[in-house]
Novice: 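Structure provided below as structure tokens; questions to follow.
Below, all heavy atoms of this structure are taken into account, side chains as well, without hydrogens, waters or symmetry copies.
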Amino acid sequence: MEYRPSEIEPKWRAWWINQCTYAVHIDHTKPKYYILDMFPYPSGAGLHVGHPLGYIASDILSRYKRLQGFNVLHPMGFDAFGLPAEQYAIDNGIHPAISTRDNIASFKRQLGNLGLCYDWNREVQTCDPKFYKWTQWIFLQMFNHWYDTHADQARPISELIAHFEKNGNQGVQAATSFDGIFTADVWKNMSPKAQQDVLMNYRLMYRKVGYVNWCEALGTVLANDEVINGVSERGGHPVEIKPMLQWSMRITAYAERLLSGLDTVDYPDGLRMLQRNWIGRSEGAQVFFDIENSEEKLEIYTTRPDTIFGATFMVLAPEHDLVDQITTEAQRAEIKTYLDWVKSRTERERQMEKVVSGAFTGAYALHPFSGARIPIYIAEYVLKGYGTGAIMGVPADDERDFRFAEKYKLPVVQIVDKTMYPGAEMEDKVGKMVNSDFLNGMEVVDAIKEISGRLESKGIGKKRVQYKLRDANYSRQRYWGEPFPIVYDAEGVAYALPESELPLELPHTTEFKPGGGKGPLAQLDHWVKLPDGLERDTDTMPGFAGSSWYFLRYMDPHNEEAFASPEAINYWQDVDFYIGGAEHAVGHLLYSRMWHKFLFDKGLVKTEEPYKKLVNQGMIGGRSNHVYRANERFFEEYLMLKVLKPFFESYGPIKIAHTDFEEDYTYDFAFGSNDLVIEVTSAKQIDKIERVKKTAFTDHKRLLILTTEELSDLINEPKVIADKIQSAMQSKEPLITLNDKTSSEQLYVSHSLIHKYSPESFTKHHVDVNIVDSDVLDLEKARKKIQFKNANFKLDAANGDVFTCSFELEKMSKRYANVVNPDDMVEQHGADCFRMYEMFLGPIEVSKPWDTKGITGVSGFLKKFWQLFFNGSEFHVSNEQPTRDENRVLHTCIKKVTDDIERFSMNTCVSHFMIVTNDLRRLNCNKRSVLEPLVIMLAPFGPHIAEELWHRLGHESTVFNAAWPALDEAHLKSDTKEFPVQINGKLRATIELPTEISAADAEAAVLALEQIQRWLEGQKPKKVVFIPGRMINLVV
RNA sequence: GCGGGAAUGGCGGAAUGGUAGACGCGCUGGUCUCAAACACCAGUGACUUCACGGUCGUGCGAGUUCGAGUCUCGCUUCCCGCACCA
């Protein structure tokens, strides 16, 4: 009986839904396993074959774990707030809620086609008030907490207030943007607003004026990771730095834990490295320098305090607060010129700049040990936002400082002797200190310790750990996001809404354009202005708000009392296996890890880290096809090469010098002994035709006009054109224009022919890969496309009148017309086949190109597998005992597939199923005791075919309630094995020997081999290496 | 520039330090067919040989080892990330 996926697949999908096969409940009798796909944003573009890769892989793992006896949570939902829907609303007037709902529906329909085992009852959408109630709730928890760096955890703001009331802020060790010390009395005498302003500096969600990435075109502030090379990630619009009052998330408080936590999770090394770099921890020291003739101290940050004796200049960031105060009158003009220049430059220009620049302030710092006067400069290469925004310039030990010193002719004092470390770079922390007073002779590492101690005892410096990581901007001047559950009084003091007022629902509007630096919500007076005089925050939360905790909601998605019940959290704990794209490496993953740690501090979740194991799926690239459209040049070359040769032989070619044309010659073709001239042009170029007519008339030439349109029509019949030219030659007519009823407006030329013409003859265009098969264009389908309306094709006659395209590997994208839709694949080959082919392409983690051709291999395999169960049209499975060989095939498969799924190597599993199927066909095996376990093992990969066969085998319940087959090692071994025989490591022969043969017996057998004797040339081998059950190597 | 990853037939890719190229695509030949498609069978790294066989072969160059695609060192190219982070 034929395998017909289109019949069996929809049947079982409906049955699974009907039977609630994928419904998951807390079950304390089974171990839990939580498998999560990264939260998709439902874009309007629909899925291409690259998208489901991870979903299929996680689906296979989920089904496998279930068969292994785990209670598997495998949910799906949508990151439904976001910019694209809002942009779409601005462009098309469709409310984001509507377009988002529609996009989710089509996304779910496409996923539904693939037979994925999600428990849709647990679906969440971040734009659902029932969901974002808890996003707002967590936000308020963070608002109401501060980070105690001593206890190394978040604590309620109320405890901080209590401390202030007793002791002021003395003894408080906090992650804070507040500097300065106040006493309890000072605190108590502050106005309520002043107190709130102080507290704001301690909150984990806080407001501050920050320099933000403002994107005028999008009308919003962007996070650092949404800005790529100075332009917005979405749309590529310019981004400028602008000061604004914004919500900020104090992720820096968790920097150390985010870093150390990386050692406890199973993430890919590359991803861990990425996060480490992003957090960017560096250990160094802050040092205060006195400034000559000034009360101010200059605070710098350095990771190399040991090089302090090599400091020959200081550099401040141009925006540094001290610049104005310390600049001397004499230098004021120069500094101003420099600052103006810096301001005039865009972020992008600054990043691209390779040459150092700066200006001298006229002020001097005093060296804390030598007392030397050190000139203070400002320079762009020192950044306001990092460290203290000021450095000491040590040109002998820092590349940039050296370049700066070179340019401004500043002295270079060698302070580290690296002669005993050949190959050490300038900035390596090795060598012996010289020219450094009391540090002389010390190794760098010891010198760092020594100087740190001295700085500290002198009270002019301190060890300090610094991070590159910045607090995340948490405000967006946008509509389609979570509103802030915050109101402000007349003085601008922020108050949290009471929990009872959550969710604060997003009000309806039809106007989405931002204005004046404010989001669309600002225009909704009735919503913003409250009766009691308070005003709402008019920004919305960023995209990462909902996605920072969504995986917790899946544990208990309908709970109205909490974001998830303690019972659910206790049972499901955390995500065991997380799969998704590497693009979330530093954004989503860092943010959600931070939220999880915060909730952990609060005792609301049970683990420090949200995701135990993480796998990044690779991208699937597209294979684009190109067609070549003929330019006018092509027709001229074509006539020359294919048609006119005999005419030139008869009449002789001539060239007529140009009169008033731009081209070199007046006519495209002219002849020595015939007064006919030929002009090739598009019929659309009426002006040109008129001019040529006039010129021909003046020259007393008869004119034949060949239009590219008619040539296109006749392109596959060169003889017809030749005949027409022939009759024109013989005619007496002064003007011959041919057929004006043409159907072709363009001509496309088979790629196999274009090498005969010059490259300028063609323009390359993408063509939809779905109408191309093995680079051959399907002309029937092509003619239906708008692209080829009124087009003709020059076919490759030598190769059976085909039209070929060239190909290129590119990103899969509508723009390249190379998008392959999974729906089409499922329709043609079935979901099981599509799923297995996706896996078969290669390792999940690796990027690879899609090639639709190869899917026939998997399709053929499934047909063969199906046929194992049938005798002609009849389902026929025998109950006989399996043979040794059959058992070996089965158990080898159990071992291989089990091992490979465990190491997430799905491609080799599919390969192995193919091998097994081929083996069993050879063995003519249709035995239940072999086939039934195979059906169970195939089920995670091809759930539909497995369910069908499982039921035909007589089972009533789903195959996913079966148990994964157990391995019996005894069946793996065969009696004999073909041993490779090597001479000096090179394979020279193979020999069939008992698998368990002893070294001595093997040696004897091998030495008896004629081929081996030939290599030994009568000598005895020096040494015999025998690996039992594996191989034999003779050393001669 | 810094950091990470990769490099194996025409293509996607296999290979606990032990028979390199499994499996599939493609290609070639054959069977079936009036023919094509499907299906099935056989072959398919390069060079060489009538053949048996031999030589070379996992980006390049060294090394460790009885034995290296795999381990070590040095280079080349490509991909990804970060980019004046003091």
Novice: How far, in whole Å, is rC52(B) from rG13(B) if one measures between their C1' atoms?
Specialist: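 About 33 Å, rounded to a whole number of Å.
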
Novice: Return the minimal non-hydrogen interatomic distance between Tyr837(A) and Asp851(A), and the atom names on each side.
Specialist: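 So the minimum-distance heavy-atom pair works out to OH-O, 2.6 Å.
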
Novice: Quick check, are the ring centers of Phe913(A) and Phe941(A) under 6.0 angstrom apart?
Specialist: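 So the answer is yes for these two rings.
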
Novice: Would you say a side-chain N or O of Arg403(A) is under 4.0 Å from OP1 or OP2 of rG1(B)?
Specialist: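 The answer is no; no side-chain N or O of Arg403(A) sits under 4.0 Å from OP1 or OP2.
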
Novice: Distance between the C1' atoms of rG63(B) and rC25(B), in whole angstroms?
Specialist: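 The same atom, C1', in both gives a distance of 39 Å.
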
Novice: Provide the Watson-Crick or G-U wobble partner of rC78(B), both distances under 3.5 Å; none if there is no partner.
Specialist: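 The base-pairing partner of rC78(B), which may sit in any strand shown, is rG5(B).
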
Novice: For rG61(B), give its Watson-Crick or G-U wobble partner with both distances under 3.5 Å, or none.
Specialist: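 Here rG61(B) is engaged in a pair, and the nucleotide opposite it is rC73(B).
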
Novice: Between rC56(B) and rU8(B), how far apart are the C1' atoms? Round to whole Å, please.
Specialist: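 Rounded to whole Å, the distance is 15 Å.
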
Novice: Checking all strands, does Met914(A) fall into the base, sugar-phosphate, or nothing category for heavy-atom contacts under 4.0 angstrom?
Specialist: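 The residue Met914(A) makes sugar-phosphate contact but no base contact.
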
Novice: Using a cut-off of 4.0 Å on non-hydrogen atoms, how would the nucleic acid contact of Val1025(A) be classed: base, sugar-phosphate, or nothing?
Specialist: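 Counting heavy atoms under 4.0 Å across all strands, the contact made by Val1025(A) includes a base.
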
Novice: With respect to the phosphate group of rA83(B), does any side-chain polar atom (N or O) of Asn277(A) fall under 4.0 Å of OP1 or OP2?
Specialist: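 No, outside the criterion.
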
Novice: Within 90° of 0 counts as syn, otherwise anti: where does rG10(B) fall?
Specialist: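 In terms of base orientation relative to the sugar, rG10(B) is anti.
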
Novice: If you measure from the P atom in rC32(B) to the same atom in rA37(B), how many Å do you get, rounded?
Specialist: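 Going atom to atom, P in each nucleotide, I get 15 Å.
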
Novice: Just to be sure I understand the rule, does Ile1027(A) reach a base, reach only the sugar-phosphate, or reach nothing, if contact means heavy atoms closer than 4.0 Å?
Specialist: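 Here Ile1027(A) touches the bases of the nucleic acid.
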
Novice: Is any side-chain N of the basic residue among Lys463(A) and Glu283(A) closer than 4.0 Å to the acidic one's carboxylate O?
Specialist: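 Looking at Glu283(A) together with Lys463(A), the answer is no, because their closest N to O distance does not fall below 4.0 Å.
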
Novice: What distance, rounded to whole Å, do you find between the two C1' atoms, one in rG74(B) and one in rG57(B)?
Specialist: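 So the two C1' atoms sit 23 Å from each other.
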
Novice: Could you check whether Lys864(A) gets within reach of a base, just the sugar-phosphate, or nothing at all, counting any heavy atom under 4.0 Å?
Specialist: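 Here Lys864(A) touches the backbone only, sparing every base.
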
Novice: Compute the ring centroids of Trp866(A) and Phe861(A), then answer whether they are less than 6.0 Å apart.
Specialist: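 No, the ring of Trp866(A) stays outside the 6.0 Å limit from the ring of Phe861(A), centre to centre.
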
Novice: Just checking Thr856(A): base, sugar-phosphate only, or nothing, at a heavy-atom cut-off of under 4.0 Å?
Specialist: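 Counting heavy atoms under 4.0 Å across all strands, the contact made by Thr856(A) is with sugar-phosphate only.
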
Novice: Touch check for Lys848(A), heavy atoms < 4.0 angstrom, all strands: base, sugar-phosphate only, or nothing?
Specialist: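 Here Lys848(A) touches the backbone only, sparing every base.
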
Novice: Pick base, sugar-phosphate or nothing for Glu978(A), based on heavy-atom distances below 4.0 Å to the nucleic acid.
Specialist: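 Base, at least one base heavy atom under 4.0 Å.
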
Novice: What is the pairing partner of rU55(B), taking Watson-Crick or G-U wobble pairs with both distances under 3.5 Å in any strand?
Specialist: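 The base-pairing partner of rU55(B), which may sit in any strand shown, is rA46(B).
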
Novice: For rA86(B), does either OP1 or OP2 sit under 4.0 Å from a side-chain N or O belonging to Tyr386(A)?
Specialist: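 It does, given that an N or O in the side chain of Tyr386(A) lies less than 4.0 Å from OP1 or OP2 of rA86(B).
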
Novice: Of the nucleotides rC84(B), rG12(B), rA86(B), which one has an atom closest to the side chain of Phe840(A)?
Specialist: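 For the Phe840(A) side chain, the nearest candidate turns out to be rG12(B).
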
Novice: Does the rU16(B) base have a donor-acceptor partner in the side chain of Arg903(A) within less than 3.5 Å?
Specialist: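 No such pair is found, so the answer is no.
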
Novice: Can you confirm whether or not the ring centre of Phe865(A) sits under 6.0 Å from the ring centre of Tyr3(A)?
Specialist: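 No, the ring centres sit 6.0 Å or more apart.
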
Novice: Distance check: side-chain N/O of Arg623(A) vs OP1/OP2 of rC11(B), anything under 4.0 Å?
Specialist: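 Answer is no, no contact under 4.0 Å.
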
Novice: NA contact type, Asp401(A), heavy-atom cut-off 4.0 Å: base, sugar-phosphate, or nothing?
Specialist: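 Touches nothing.
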
Novice: Using the P atom on both, measure rC2(B) against rG9(B) and round to a whole Å.
Specialist: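 The answer is 30 Å between these two P atoms.
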
Novice: May I ask you to say what Asp269(A) touches in the nucleic acid, namely base, sugar-phosphate or nothing, with a heavy-atom cut-off under 4.0 Å?
Specialist: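 It contacts nothing in the nucleic acid.
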
Novice: Salt-bridge test for Asp900(A) and Lys895(A): reply yes if a basic N is under 4.0 Å from a carboxylate O, no otherwise.
Specialist: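 No, Asp900(A) and Lys895(A) are not salt-bridged.
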
Novice: For rC56(B), does either OP1 or OP2 sit under 4.0 Å from a side-chain N or O belonging to Lys986(A)?
Specialist: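 Checking rC56(B) against Lys986(A), a side-chain N or O does come within under 4.0 Å of OP1 or OP2.
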
Novice: Across all strands, who's sitting opposite rA22(B) as a Watson-Crick or G-U wobble pair, both distances under 3.5 Å?
Specialist: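 The answer is none; no pair meets the criterion.
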
Novice: In whole angstrom, give me the gap between the P atoms of rA7(B) and rA15(B).
Specialist: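 Going atom to atom, P in each nucleotide, I get 12 Å.
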
Novice: For rC40(B), give its Watson-Crick or G-U wobble partner with both distances under 3.5 Å, or none.
Specialist: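 The answer is rG30(B), by the H-bond criterion.
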
Novice: Before accepting this row, confirm whether a basic side-chain N of the pair Arg623(A)/Asp775(A) lies closer than 4.0 Å to the acidic partner's carboxylate O.
Specialist: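 A salt bridge is present here (some side-chain N lies under 4.0 Å from a carboxylate O).
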
Novice: So Arg988(A), base contact, sugar-phosphate only, or nothing? Heavy-atom distance under 4.0 Å.
Specialist: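 Counting heavy atoms under 4.0 Å across all strands, the contact made by Arg988(A) is with sugar-phosphate only.
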
Novice: Taking all heavy atoms of Val444(A) and all of Arg304(A), pick out the closest pair and write down the distance.
Specialist: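 For Val444(A) versus Arg304(A), the nearest heavy atoms are CG1-NH2, 3.6 Å.
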
Novice: How is Asn1033(A) classified with respect to the nucleic acid when contacts are heavy atoms under 4.0 Å: base, sugar-phosphate, or nothing?
Specialist: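 Asn1033(A): base contact, heavy atoms under 4.0 Å.
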
Novice: Quick one: which of rC25(B), rG18(B), rU19(B) gets closest to the side chain of Lys853(A)?
Specialist: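 Ranking rC25(B), rG18(B), rU19(B) by closest atom to the Lys853(A) side chain puts rC25(B) first.
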
Novice: Determine the Euclidean distance between corresponding P atoms of rG45(B) and rU58(B); express it in Å to zero decimal places.
Specialist: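 It works out to 16 Å between them.
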
Novice: Would you say a side-chain N or O of Asn984(A) is under 4.0 Å from OP1 or OP2 of rG67(B)?
Specialist: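 It does not, given that no N or O in the side chain of Asn984(A) lies less than 4.0 Å from OP1 or OP2 of rG67(B).
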
